[in-house]
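Sequence lines set the chain letters: A, B, ... in the order given, protein chains first and strands last, and positions in each chain run from 1. Side chains are part of it too, since the values below use all heavy atoms of this structure and drop only hydrogens, waters and symmetry mates.
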There are 2 protein chains.
Amino acid sequence: MRNAAEAGTGVQSVDRALSILEVLARTGEGGVTEIAAELGVHKSTAFRLVATLESHRLVEQTGDRGRYRLGVGILRLAGATTARLDLVQEARPICRQLAADTGETVNVAVLSDGSALYLDQVAGSSALQPHNWVGQHIPLHATSNGKVLLSGLADHELDAALGTLSTYTEHTITRRAKLRDELARVRDQGYALAVDELEVGLTAVAAPVRNAHGDVVASMSVSGPSFRLGAERLDHVVALTVSSAAEVSHRLGWGHR
Amino acid sequence: MRNAAEAGTGVQSVDRALSILEVLARTGEGGVTEIAAELGVHKSTAFRLVATLESHRLVEQTGDRGRYRLGVGILRLAGATTARLDLVQEARPICRQLAADTGETVNVAVLSDGSALYLDQVAGSSALQPHNWVGQHIPLHATSNGKVLLSGLADHELDAALGTLSTYTEHTITRRAKLRDELARVRDQGYALAVDELEVGLTAVAAPVRNAHGDVVASMSVSGPSFRLGAERLDHVVALTVSSAAEVSHRLGWGHR
DNA sequence: GCCCATTGTTGCGCTTGACGAAACGAAGTC
DNA sequence: GACTTCGTTTCGTCAAGCGCAACAATGGGC
């Protein structure tokens with residue numbers, strides 16, 4: 001199966017090495033033989049590539065039986081990536097404050113390749129830390145962040161961005177017409193909600209972050225268990241989220257006459 | 001400069017490509033010529049490698065003047081890495097080693113709703129063992145773990161996290177001013193001690209675990225009866241604890257640049 | 001406006017470095 | 001204990017990646 005080899009042009013061995021990273025990202029872990037089969041190369045070739053990746057700590061062995069998985073070098077590179085993004089830089093202190101004020105987890109996401117890419121996360125003070133979403137691609141129609149990001153698109157862009165609207169729970173919006181109505185409401189009220197739409201028991205609030213031109217460049221969300229985000233508390237959280245997102249927007253140059 | 005030289009062995013072109021990622025992580029962004037000079041290769045070589053990296057979205061152009069920086073592909077890989085890589089799982093083998101080296105009990109704790117929540121515990125080899133604390137909420141001001149976790153907070157967060165400082169023994173720190181001094185010392189020296197502060201005869205050493213952003217996300221401690229953790233042995237245990245916590249931090253992506 | 005300096009980008013031969021086959025050692029399985 | 005299957009190593013061959021040099025595009029200085 002010729003999968004990620006679409007990047008046909010380029011330096012062959014580098015291309016293959018990077019494909020290995022993608023394979024490991026997809027499968028979690030794998031042995032040399034398995035990887036070699038996936039790429040369609042000899043196992044000695046795969047071994048040499050993996051060894052090179054390992055010397056840079058981008059992959060590591062899982063102790064038992066010499067299987068490989070992605071390593072800490074990736075995280076270090078990711079840290080450098082987000083550290084450079086001025087969006088994350090500007091947003092971080094405000095996210096911290098928002099997380100402290102609400103006690104819930106705060107996320108920042110942007111639109112990337114038809115799904116929401118989470119750039120940063122600040123854990124709330126509450127116990128159960130949700131797993132880290134950073135770097136994950138999340139469906140757009142079933143999350144508050146996704147709705148906010150979609151609400152910033154023009155109609156024709158919207159069609160391009162949306163694939164099929166998968167069902168996650170019985171509250172997931174799966175009809176396009178209904179989604180359009182929802183997006184209009186989001187645009188109107190300046191924030192989005194998602195209650196039990198991606199996962200039962202999970203509630204999230206998101207508000208848009210705008211650049212100097214007024215475009216929606218990112219979305220900031222607060223999410224937590226639905227029982228902690230009931231009706232009365234939700235209003236307060238919404239207000240905090242909207243003003244935090246507006247503050248970040250200001251720092252990015254929005255609203256300066 | 002500790003770049004490609006140490007990773008001498010391996011597939012040359014892959015080695016160089018990965019070095020480019022490291023260079024960009026360090027410098028933020030750079031042109032082809034600049035990168036080529038850094039690696040000691042011809043510009044055209046650097047260009048081809050960068051182009052290959054770009055086709056996998058690990059680097060991207062900054063629009064203006066064709067300079068390059070790390071791309072979102074890195075974040076996607078990082079997402080796959082952290083998805084499987086939670087704190088307890090990463091810390092466990094290192095906790096085991098630390099418990100074996102010291103013969104004492106090792107704990108991992110995080111901050112949760114104004115107290116320390118113990119996530120994991122590895123019993124030491126010694127016969128005399130403390131009860132299992134996992135899942136327990138423990139006061140912050142009277143434990144080494146608590147001090148470490150508090151030391152990572154800003155001043156206003158500190159006020160919110162601390163209630164009244166209960167007295168457990170005559171060594172318990174109960175005055176806020178004194179606690180602040182203690183926390184400053186903890187921040188400074190990179191570890192915390194608690195001798196007879198929660199319980200007479202109980203000594204503990206704790207060191208911070210940091211994430212990629214440098215935030216204190218957890219605390220790792222070694223604890224045992226005070227008579228086994230006397231002055232001379234304490235230094236050794238402190239050193240082991242600090243380096244173990246640092247190792248976990250590294251696995252979570254801390255320590256770039 | 002023009003020129004020059006410097007950048008990223010692209011063909012092109014030469015040779016080095018990466019490839020695949022096969023042998024090896026270790027671990028598990030029946 | 002033989003068999004299987006894995007990761008790892010060695011080695012000769014050849015194509016893939018390299019450096020060179022020419023090209024294009026941009027910006028700054030005069």
Practice problem: Could you tell me whether the phosphate oxygens of D:dT8, OP1 or OP2, come under 4.0 Å of any side-chain nitrogen or oxygen in A:Y68? | Solution: yes
Quiz prompt | Rounded distance in Å - CZ (A:F47) to C1' (C:dA26) | solution = 14 Å
Quiz item: For A:A206, what residues pass the side-chain contact (heavy atoms from CB on, under 4.5 Å) criterion, not counting sequence neighbours?
Solution: A:S144, A:N145, A:V148, A:S219, A:S221
Quiz item: Any N or O donor-acceptor pair linking the side chain of B:K43 to the base of C:dG8 at under 3.5 Å?
Solution: yes
Practice problem: Measure the CD1-CD distance between A:I35 and A:E29 for me, rounded to the nearest 0.5 Å. | Solution: 10.0 Å
Exercise. Round to the nearest Å and state the distance from A:R67 atom CZ to D:dT8 atom P.
Key: 12 Å
Exercise. Examine C:dT6: is either OP1 or OP2 under 4.0 Å from a nitrogen or oxygen in the side chain of B:T33? Give yes or no.
Key: no
Exercise. Quantify the bending of the helix from C:dG1-D:dC30 to C:dC24-D:dG7 as the angle between its end axes, each fitted on five pairs, to 10°.
Key: 50°
Quiz prompt | Partners passing side-chain hydrogen bond (donor to acceptor under 3.5 Å, both in side chains) against A:R57 (at least two apart in sequence or in another chain) | solution = none
Practice problem: Check side-chain contact (heavy atoms from CB on, under 4.5 Å) between A:A25 and all other residues, then give those that pass, not counting sequence neighbours. | Solution: A:L70, B:L77, B:A80
Self-check item: Sequence-distant partners of A:L111, side-chain contact (heavy atoms from CB on, under 4.5 Å), two or more places apart
Solution: A:L140, A:L149, A:L153
Quiz item: For B:H236, which residues count as a side-chain contact (heavy atoms from CB on, under 4.5 Å) partner, sequence neighbours excluded?
Solution: B:L240
Quiz item: Quick one: is A:Q61 getting a side-chain N or O under 4.0 Å of the D:dC6 phosphate, OP1 or OP2?
Solution: no
Quiz item: Listed by chain and number, what are the side-chain hydrogen bond (donor to acceptor under 3.5 Å, both in side chains) partners of B:Y191, not counting sequence neighbours?
Solution: none
Exercise. State which residues pass salt bridge (Lys or Arg N to Asp or Glu O under 4.0 Å) with B:E247; sequence neighbours excluded, sorted by chain then number.
Key: B:R251
Restricting both atoms to N or O, compile the protein contacts to nucleotides 15-19 of chain C shorter than 3.5 Å, with distance only.
{"unit_1": "C:dA18", "atom_1": "OP1", "unit_2": "B:Q12", "atom_2": "N", "d": "2.8"}
{"unit_1": "C:dA18", "atom_1": "OP1", "unit_2": "B:S13", "atom_2": "N", "d": "2.9"}
{"unit_1": "C:dA18", "atom_1": "OP2", "unit_2": "B:Q12", "atom_2": "N", "d": "2.9"}
{"unit_1": "C:dC19", "atom_1": "OP1", "unit_2": "A:R16", "atom_2": "NH1", "d": "3.4"}
{"unit_1": "C:dC19", "atom_1": "OP2", "unit_2": "A:R48", "atom_2": "NH1", "d": "3.3"}

Exercise. Measure from CD on A:E29 to C1' on D:dG7 and round the result to the nearest Å.
Key: 15 Å
